[in-house]
Amino acid sequence: MASLIRSWIPLLILQSFLVAIAFGSKEAEEFSEALLLKPLPDRKVLAHFHFENRAPPSNSHGRHHHLFPKAISQLVQKFRVKEMELSFTQGRWNHEHWGGFDPLSSMNAKPVGVELWAVFDVPQSQVDTSWKNLTHALSGLFCASINFLESSTSYAAPTWGFGTNSDKLRYGSLPREAVCTENLTPWLKLLPCRDKDGISALMNRPSVYRGFYHSQRLHLSTVESGQEGLGSGIVLEQTLTVVLQPETTSVETNMQPSWSLSSLFGRKVVGSCVLAKSSNVYLQLEGRLGHESKNVDTEIEAHKLWKNADFDLSLKPDRVLRESSSLLFIFDIDKSSDSEPFDLGLTWKLPSKWSCQQAPLQATRFLMGSGNERGAIAILLKATESQEKLPGRVVTDGRCTIKANIFQIFPWYVKVYYHTLQIFVDQQQKTDCEVLKKINVSPSTDKVSSGMLEMMLELPCEVKSAAISIEYDKGFLHIDEYPPDANQGFDIPSALISFPSHHASLDFQEELSKSPLLSSFKEKSLVRSYTEVLLVPLTTPDFSMPYNVITITCTIFALYFGSLLNVLRRRIGEEERFLKSQGKKTFGLKQLLSRLTAKIRGRPIEPPSSDSPAAQSSFLSSKLIFKIILVAGAAAAWQYFSTDN
Amino acid sequence: MATEKRDKEEEEVKTDDGSLKIKPRPIVQLGIFLVAHSPVFSVVFSAAGVLALLILPLLAKNTYISENALMPGSARSMLSNRDVSDGSKLVKDIKNYRLNHEGQVQKLIGKYMSEMGAEVYYQKFHPEGNQFHPLHFFSGPDSYTLLDNVSCASYGVNVAGIIRAPRGDGKESIVLVTPYDFINGGDYEALSLGITGTLFSLLARVTWLSKDIIWLVADSRYGDYRPVAAWLTEYHSPSFKDSDLLKCGELNTADKFRRAGTMAAALVLKVDGRSERFEDTLSIYAEASNGQMPNLDLINVVNYLAVHRQGFYVKVEKVVSLLSSSWLKIIGEIFEAVGKLAHTLNPDWNFGIPTADYLEGSATLASSLYSQALGIPTGPHGAFRDYQVDAITLKVSPRFPPDSKTRQHDFFLRGAKLLEGTIRSVNNLLEKFHQSFFLYLLTSPSKFISVGVYMIAFALLVASLPMVAASLYIDGCKALNNSTLNPAGNFKSWKWLDAAKQVFALHLFGLIVTLLPYFICQVPGQHSPSNRSIMWGTTSSSLLLITFATIPGCSPFSSRRHGTNWAVLKSVTISAAFIGLCLMSIINFATAEIGALLLVPTCLIVQPIKPALRSRRIKSLLGAFCSMVLLTIGFPVMLFAISKGLFGEGLVGLSLGGEFWTWLESLWAWKSATYLYIGMVHLPCWLLCLCILFHPS
């Protein structure tokens, strides 16, 4: 029996190996594309492009990829990146009108400029090195100055305030980075069809950059295979979120504008990207519209969903999904072709109004004080209207509370006095222990590292407003540390406000949805919002006048050292005695002249002539007058002749 | 310069002591020469100082746009008739609303703003006046003082709308202010809302904005300045504590205040009265508190666009009475003649300007100097300067009556185009205003005198003071040596101590007099300004008497034995005046300039009157008369009366004391350093000059 088993073992091993290979080949690289369109309450339209690229776990390095971009996989392998997100944003997300409590906004509302965070899978001591190398690699890859995040004064290591609990996390942002096509092109190069085919063909640069908000995001995470000897798989998620204003001809201001894909982007979709596993277009209608029709049983009812008194869709949706407050129309673009391009249009017939779900508290941040003296940074949290309806309240000790995390990086030249932290809840000043549950402060070091503040506030549920203020002093920079256009001021990066007890997700009833976009919406994501970037005016030297500075400093030095040397060296008494003995005999100039002539002639110094000093002085003065007259005459003559010409 | 002079004096004294005939260094020689001939040089320097001041209009340079990024007028205006009709509709609506309804026009304006797509909020403020506090000078904008017992009887409501720049990052903003009295506002005032409404309609749909736009309609029921200042305080240093004011009225304004980043610039627009000229007139007001000016580039941009694009007649304020003064005309003619002569000698010398231009220039310059010296802002823009925001007030006077519909359209279009161009220029700025001048005087909207030029006049005026002080000190020492033979006379270096004591005592007295109004204000009960001024006068004079009585040698009437030598006293007085003027020139140059014009001749000319009367020589009698006249003019109250007469604000009657009190009250309420100057430099020096005049020598 034992021998039988022993003879079976190699066979079993072989079989399992074969199975593994078969599975591996089955789990091939996948690419999917999707576009979500969503009319916004303030007469704008949101377009969210979503591309997902999955590379399954593999056991060999330097493996050839079919679809997955090689640049990214090399990046992951080289720097052992566990998770990373890079976003380029232009414009501000309007939390009031565009929503703040759905997965779309909590993931895609990003701070202005560049934001990068990464979690590494390396020993603690190597994290900073990996971060620095990664910033340089990304900088080259995306044509952006991400390499400025290399310096230790510009990034921080959040512990829990960022939402991801890891000690190997690094976070940095560049608020002043301008975002344009040179950042979009390398991003598109990572897609298998680039912008030649499929949904990405819609990305007409002028129309994409004409929008009110533009955020391109790249998120990658590694998936552990769980098997020994097998590497990790990578999931690359690329999204582009734009908010566009449809061109409208109607004069009526309360009517939502009608639009179509071609009017928004100036292009149409002709067929999907052939390499994509799925390519769908979604249209999400929020608010009142979702509630209207409950039964979708009959064909007529279903038809009514997309062609009714309120609005009209130009194409028949393939499927309709329902969520608690919104409707989702799904269109498959595989059917479209050159002759029959996919051009979805939405025509409004009646004025309609709805509002987006907002985060429990709306955050604004501003500077207090003025001029070059001390100032303060204030963060104001205001309760939104939808606060009471939201789930996620925590009842502790019989009190209902809302938790809010605040994560903020301070550049070193903003010297924050952490002891001046003041918290006001509903215009009442609170002591720290009342509302502050957790706080983590890492003070900045001049020219070495930036400061970081992480706070967890526990506010009562019925809170109307809360204000946090913290004072700071402005530091002085060395002259060559000033960036170009220093007179504009210096940026303080956005603060991140997240609500750890609130999670946003869209739950569509049907389980059929296998689309990566929908599954990412289904995942519970932390509700977070970024505040504005602040501009701190610092004292700046007058760069255009180095000459003045040099002159003034030289004068001061000359005066100081001259008088100091005089005081130290000169002995007035001695000099007087010397002058008394010598003064009557010779005049300084005369003596010098005679010495000079003696030197020239090579003879010893002749004793001065015995002329009376009075005669000499009178002679000298007449000579002087003569000289002056001569010079003045010459000057007058020159002036006369020069003006003649 | 001052230290150099002192050095010279010291050297000079040293050589004087040791009776050695050594030839000193040339620089010392020059010092000795200057001090020895100080009467001549002081007259020459002072005359040159006055001449340099008179010559300033000739030296004015044309303004130019220093910051290249501004690019004024390079973009085509995008204003359409639709925008103008929006603005006209707003004005019409306001008129109708005020005819039919009693209530808040603010809501109507707020509705208009939100229809344009702006974020709107209302702000309540309390019209509390500025309180004088001696320690609040130079302390910047006062921190938000919480008022405990706020009455709901009087409060104002500001409306503000913010247009967010579509693709901007929200770090910076541009502020437009239109003061409007919601209760008694006239038709002309409503026009300013029309212009801004027109502009707002445009800005709400343009895509080129990089900075957010804030439009503040300030409730000017309680003056133009107060609502703007209250709004700025709330913007920059809000109180997170509970305020009773929020509960007043039905309008709920709690937690609605919105901000839009650092302010890059602010424009205040006002429309008032009908233009006297054929064209529409635009007056520019720029002076903020303590003579601070906005960056010259801002004025340049507005002036350039108004003159070259929109055809406004641009003017800055001037002293009208100077335009018709004959002495200035004669001076102008002389300068014109000299200029012509120079031009014939060398065609490149083109400094001569016509007499009419000279008169205009000097009238504007005088007004510019006066406004800066007074230290009181000339409009609501002053509130912005306290927060280091460059701001100016534009006062537009249309040439048509306010009810003319046809002209209104054109007026709105041009006004809005001017503002659009200015905003577009500021919007282009990447950095804040820093390129052009901050220290300047205007002689016309397109001509300015920079600090490097106008400080020459002051330097010349002041230069004679240390020279005269040194020579007087030497004279005084000699006189003392001759008169007293006591052994104490050997401590020659301490001779100035008695005089310094007196000077110090009087300066201390000046400080107390400066602080007295604060305590007088604390006196319970309602008092009229005249009563208060009488209280102030009596306390001050009794204090002065006490000072004279208690400190021996202080009084001019003390016996001769106790009294110090008048020359030494004058020397120390002049030194004190010199130091005071130099310090003031750093704080507010215009005040120091005008102060020097008054103080320097007085200090130089004053001499004991008794010997002059005794000698009965015409020269000394003339001197005594001159010093009497100068001292009479130099008395602060007298000065106030003269300046009132000069600026044509009506003759001053019996209520002079009261008016003077109100004037001073306004000075300290605006935290003007001029008040400190009058109390702590001018008054003590004037008193010391009196002491010298009545010195029993």
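Side chains are part of it too, since the values below use all heavy atoms of this structure and drop only hydrogens, waters and symmetry mates. Residue numbers start from 1 in every chain, and the chains themselves are labelled A, B, ... in the order their sequence lines are given, proteins ahead of strands.
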Examine whether an atom of [X] lies under 4.5 Å from a heavy atom of chain B, and if so say whether it belongs to the side chain, the backbone or both; otherwise answer neither.
X      : value
A/A486 : backbone
A/N94  : neither
A/F212 : both
A/Q245 : neither

Side chain, backbone, both or neither: which part of [X] has a non-hydrogen atom closer than 4.5 Å to chain A?
X      : answer
B/A165 : both
B/H236 : both
B/T262 : side chain

Got a salt bridge between [X] and [Y], using NZ or NE/NH1/NH2 to carboxylate O under 4.0 Å?
X      : Y      : result
B/R385 : B/D390 : yes
A/R92  : A/E532 : no
B/K171 : B/D212 : no

Parallel, tilted or perpendicular: rings of B/F257 and B/W231 (30°, 60°):
tilted
Parallel, tilted or perpendicular: ring planes of A/W93 versus A/Y213, cut at 30 and 60 degrees:
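Rings of A/W93 and A/Y213: perpendicular, over 60°.
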Counting heavy-atom pairs under 4.5 Å with chain B, the top scorer among A/V536, A/D491, A/L534 is A/D491
- [ ] Say whether A/N487 and A/T540, considering side chains only, have a donor N or O and an acceptor N or O under 3.5 Å apart.
- [x]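 On atom types as modelled, these side chains qualify, holding a pair under 3.5 Å.
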**Residues that A/D42 engages under salt bridge (charged side-chain N to carboxylate O under 4.0 Å, His left out), provided they are two or more places apart** =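 Counting only residues at least two positions away or on another chain, A/D42 forms a salt bridge (charged side-chain N to carboxylate O under 4.0 Å, His left out) with A/K44.
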In terms of heavy-atom pairs under 4.5 Å with chain A, the winner among B/Q388, B/R164, B/R167 is B/R167
